[in-house]
Number of protein chains: 2
Amino acid sequence: MQNRIADLLKKNQLSITDSRKKILELFQNAGGALAHSDIEKMSGEHFDRVTIYRTLQTFVEKGIIHTIPTVDNSVLYALCKDECSAGHHHDNHVHFICDDCGTTYCLDHVLIPKVELPLGFTEKQTDLVVSGTCKNCN
Amino acid sequence: MQNRIADLLKKNQLSITDSRKKILELFQNAGGALAHSDIEKMSGEHFDRVTIYRTLQTFVEKGIIHTIPTVDNSVLYALCKDECSAGHHHDNHVHFICDDCGTTYCLDHVLIPKVELPLGFTEKQTDLVVSGTCKNCN
DNA sequence: TTTGTTTTGCAACTATGTTGCAAACGATTA
DNA sequence: TAATCGTTTGCAACATAGTTGCAAAACAAA
């Protein structure tokens, strides 16, 4: 249980610290995406704001979590699937934001269709965000 | 030329003011999407920050411009096409952000493919943002 | 347990965005 | 074109979000 978290950190050549363990735990328990402010609240004032920022940044760089662009311009972070953490490539699934309850879902099995870019444009990352009403609010 | 801008404002029951004219002009000249900070710089310190925020907000409400969610969590605004400004529906074209020069393009002729959502989810708006290298930086 | 490296927390700072209110401006009508 | 009324602006003050440098603390390795 705890070992999975420690292994994940070790695999990414990161020191195993309280804040990193705690933040990873939060993501695993949350299931969905979290905002910086969520983490700040959920971690119970234990860690400095700066530490959380830096931890999230590190996780993104290592491919442990990824960011999600949202319509209301808040950054969200979500755990990457195992296949993702291997390299520096990104998830290619669709994200869904519920306008009612505000929850963000990773629709892991809904893949982003390939888009044809005009000549001269090179794709590196593609994000598809759908907003509307989720299954709980419908 | 200038009349088009004034007409657009009048059609939306907005007073014709310097800041609104200037900001609309900037959008027309830019061709692509602009961030709040772009506008602040380009308008040459003439307008208060607050005025720009409020103007953009008003334009979004009236359907004159729309927001674009981006991966790096900056809000971008872009002019809506004529068909768009009629109602409260949104563009369904792809947006492209260049990692090098930072320019955002509205790829008007690249449409967002329909995505199949899981049962219970209802779509209201879909945004597709591609980042990479644009034709000028390639 | 010692040593060298990484990470944390603090302080101070910049950037971004919001609100209330009085003054200025724009539209309308006489 | 001047008076009036509603809208918009700028200011001040505030709230939130995010960054940086640096010394102290924690971690990993030997």
Side-chain angles (χ1 to χ4, degrees), chain A residues 2-3 5-26 33-62 64-77 102 104, chain B residues 2-3 5-26 33-62 64-77 102 104:
Chain A
Q2 279 291 70
N3 280 347
I5 289 180
D7 288 350
L8 186 54
L9 290 172
K10 217 170 245 177
K11 197 171 69 180
N12 285 286
Q13 302 170 335
L14 294 173
S15 302
I16 298 167
T17 67
D18 286 349
S19 56
R20 286 177 180 163
K21 279 190 289 183
K22 180 72 184 172
I23 290 177
L24 275 185
E25 244 179 67
L26 287 178
L34 295 175
H36 172 95
S37 56
D38 294 329
I39 296 166
E40 209 167 330
K41 281 169 210 142
M42 292 167 80
S43 66
E45 317 276 331
H46 284 336
F47 309 112
D48 196 85
R49 260 164 21 87
V50 180
T51 301
I52 298 176
Y53 277 115
R54 289 199 266 228
T55 303
L56 290 172
Q57 227 168 272
T58 307
F59 285 175
V60 170
E61 276 161 22
K62 294 291 185 177
I64 298 172
I65 60 177
H66 63 282
T67 60
I68 308 171
T70 69
V71 185
D72 67 333
N73 190 43
S74 54
V75 207
L76 291 174
Y77 302 89
T104 298
Chain B
Q2 279 292 70
N3 280 345
I5 288 180
D7 287 350
L8 185 55
L9 290 173
K10 216 170 244 175
K11 198 172 69 182
N12 285 285
Q13 302 170 335
L14 294 172
S15 302
I16 299 167
T17 66
D18 287 348
S19 55
R20 286 176 180 163
K21 279 191 287 183
K22 181 70 183 172
I23 290 177
L24 275 185
E25 244 179 67
L26 287 178
L34 295 175
H36 172 95
S37 57
D38 294 330
I39 295 166
E40 209 166 331
K41 282 170 210 143
M42 292 165 80
S43 66
E45 317 276 331
H46 284 336
F47 309 111
D48 195 84
R49 260 163 20 87
V50 180
T51 301
I52 299 176
Y53 278 114
R54 290 199 265 229
T55 304
L56 291 173
Q57 228 168 271
T58 306
F59 285 176
V60 169
E61 276 161 21
K62 294 290 185 180
I64 298 171
I65 60 177
H66 63 281
T67 59
I68 308 171
T70 69
V71 186
D72 67 334
N73 190 43
S74 54
V75 207
L76 291 174
Y77 303 88
T104 297

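Naming: A, B, ... by sequence-line order, numbering from 1 per chain.
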(message) As a test of understanding, state which of A:L14, A:I64, A:I65 forms a side-chain contact (heavy atoms from CB on, under 4.5 Å) with A:T58.
(response)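 So the option named by the test is A:L14.
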(message) Here's a test for you: under side-chain contact (heavy atoms from CB on, under 4.5 Å), which of B:V60, B:L34, B:I23 qualifies with B:Y77?
(response) B:V60
Could you tell me the separation between the [atom1] atom of [X] and the [atom2] atom of [N], rounded to a whole number of Å?
X: A:H36; N: C:dT16; atom1: NE2; atom2: P; answer: 17 Å
X: B:Y53; N: C:dT16; atom1: OH; atom2: P; answer: 7 Å
X: A:R49; N: C:dA11; atom1: CZ; atom2: P; answer: 13 Å
X: B:L76; N: C:dT16; atom1: CG; atom2: C1'; answer: 14 Å
X: B:Q57; N: C:dT16; atom1: CD; atom2: C1'; answer: 13 Å
X: B:N12; N: D:dT7; atom1: CG; atom2: P; answer: 16 Å
X: A:I16; N: D:dA29; atom1: CD1; atom2: C1'; answer: 13 Å
X: A:K10; N: D:dC27; atom1: NZ; atom2: P; answer: 13 Å

(message) Looking at every heavy atom in both B:E40 and B:R49, which two are closest together, and how far apart are they?
(response)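 So the two residues come closest at OE2-CG, 2.8 Å.
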Which value, rounded to the nearest 0.5 Å, describes the distance between [X] atom [atom1] and [Y] atom [atom2]?
X: A:T51; Y: A:D18; atom1: OG1; atom2: CG; value: 11.0 Å
X: A:K41; Y: A:H36; atom1: NZ; atom2: NE2; value: 10.0 Å
X: B:N12; Y: B:D7; atom1: CG; atom2: CG; value: 11.0 Å
X: B:F47; Y: B:I39; atom1: CZ; atom2: CD1; value: 11.0 Å

(message) I'd like to check the side chain to side chain contact (heavy atoms under 4.5 Å, CB included) partners of B:T17; sequence neighbours left out, ordered by chain and number.
(response) B:S15, B:S19, B:R20
(request) Please name all residues satisfying side chain to side chain contact (heavy atoms under 4.5 Å, CB included) with B:R54, sequence neighbours left out, ordered by chain then number. (result) B:V50
(message) If the helix axis at each end comes from five base pairs, how far does the helix from C:dT1-D:dA30 to C:dA30-D:dT1 deviate from straight, to 10°?
(response)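 Angle reported: 40°, given to the nearest ten degrees.
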Check: protein-nucleotides 3-9 of chain C nitrogen or oxygen pairs below 3.5 Å:
from	atom 1	to	atom 2	distance (Å)
C:dT7	OP1	A:R20	NH1	2.7
C:dT7	OP1	A:R20	NH2	3.0
C:dT7	O5'	A:R20	NH2	3.3
C:dT8	OP1	A:T17	OG1	2.9
C:dT8	OP1	A:S19	OG	2.3
C:dG9	OP2	A:D48	N	3.3
C:dG9	OP2	A:T51	OG1	2.6
C:dG9	N7	A:R54	NH2	3.2
C:dG9	O6	A:R54	NH2	2.6

